Amino acid sequence: MSDTDKFDEHGSENGEPSRRDFIYIATAATAAVGAGAFAWPLVTQMSAAADTRAAGSIEIDLAKVSEGQQIKVLWRGKPVFVRYRTQEEIDAADAVDVANLRDPQSDDDRFVPNLSGVIDKRLLVMVGVCTHFGCIPVGEQGKIDPMGAFGGWYCPCHGSHYDTSGRIRQGPAPTNLPIPEYTYISDTVIKVG
Ligand code: FES
């Protein structure tokens, strides 16, 4: 069973569109993707070029993601969440006592420095796959999400709650939402994979 099939099985991708669903973008490495061209909750897909599929990498222009917005990009059959966090979300992530986390990791440790060696904590990049059994979490609705107890993401399959850094805080998931391998290739564009 492929990863994509697994998502379908749980109904998170092809079932009834959730009110919490995000902009969903499959992209090509040769075409940087931004959310500016898409209006929520518009669902848009572009076919990845053959060389992109072979390389297994994508480029994402973070400059096109607005504060408070999240985009979802397909990478190697998995969704990658790019969330432009508000200061309130960053502060909430920083306020957590790392020692008490199930999967201890500081918020800073979940970022890759840009070309200037600076960590931009506004732009969180994660693999959007629950670490329990692989469902796709919903959320990052901040305080208005009644299902996410920590203002981040919530996995409806078995009730895992992730905070605004994507760290597991409650429920059966054993580890935080993964950070994919990525690097900055310009001031705003990252290459994932
Ligand atoms: S798959 Fe997410 S809580 Fe079980």
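Fair warning: this is a prediction, and the values are worked out from it, not measured in the lab. FYI, side chains are in, hydrogens and waters are out, and symmetry mates aren't considered; it's all heavy atoms of this structure. By convention here, the first residue in the shown sequence is residue 1.
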Rounded distance [0.5 Å steps], NZ in K78 versus CD1 in I136 = 11.0 Å
What is the minimum heavy-atom distance between G151 and T164, and which atoms define it?
-> O-CG2, 3.4 Å
Closest approach of L177 to V127 (non-hydrogen atoms, all atoms of both residues) = CB-O, 3.9 Å
For the residue pair I179 and F111, establish whether any side-chain heavy-atom pair is separated by less than 4.5 Å.
-> no
Measure the OH-CD1 distance between Y182 and I58 for me, rounded to the nearest 0.5 Å.
-> 12.5 Å
In terms of hydrophobic clusters joined by side-chain contacts under 4.5 Å, are I60 and L115 together?
-> yes
Which value, rounded to the nearest 0.5 Å, describes the distance between Q70 atom CD and F81 atom CZ?
-> 5.5 Å
Could you grab the distance from atom CD of E89 to atom CG of D94, nearest 0.5 Å is fine?
-> 12.0 Å
Any donor-acceptor pair under 3.5 Å linking the side chain of R167 with the backbone of V98?
-> no
ILVMFWY network linking V112 to W75, side-chain heavy atoms under 4.5 angstrom = yes
Residue pair V129 / P79: nearest heavy atoms and the distance that separates them = CG2-CD, 3.9 Å
Any donor-acceptor pair under 3.5 Å from R102 side chain to Q170 backbone = no
If we only count heavy atoms from C-beta on, is the I168 to P174 side-chain gap below 4.5 Å?
-> no
Enter the distance from S57:OG to E181:CD here, rounded to the nearest 0.5 Å.
-> 9.5 Å
Shared ILVMFWY cluster between V82 and I119, side chains joined below 4.5 angstrom?
-> yes
Are the sulfur (SG) atoms of C130 and C157 separated by under 2.5 Å?
-> no
With side chains defined as the heavy atoms from C-beta onward, is the minimum distance between S160 and Y154 less than 4.5 Å?
-> no
So do the side chains of Y84 and S66 get within less than 4.5 Å of each other, counting heavy atoms only?
-> no
Can you name the residues that form a salt bridge (charged side-chain N to carboxylate O under 4.0 Å, His left out) with D108, not counting sequence neighbours?
-> K121
Taking C-beta and beyond as the side chain, do R169 and V96 meet within less than 4.5 Å on heavy atoms?
-> yes
Given side chains that start at C-beta, do those of T131 and P178 come closer than 4.5 Å, heavy atoms only?
-> yes
Check residues 184-193 and write down every donor-acceptor pair under 3.5 Å in which the side-chain atom is one partner and the other belongs to a residue at least two apart or another chain.
from	atom 1	to	atom 2	distance (Å)
S186	OG	T188	N	3.3
S186	OG	V189	N	3.0
T188	OG1	D61	OD1	3.1

Are any non-hydrogen side-chain atoms of R83 and R122 less than 4.5 angstrom apart?
-> no
Would you please name every residue forming a side chain to side chain donor-acceptor pair (under 3.5 Å) with N176, sequence neighbours left out?
-> D103, Q105
Report the distance from atom CZ of R85 to atom CG of D120, rounding to the nearest 0.5 Å.
-> 9.5 Å
If we only count heavy atoms from C-beta on, is the Y162 to M126 side-chain gap below 4.5 Å?
-> no
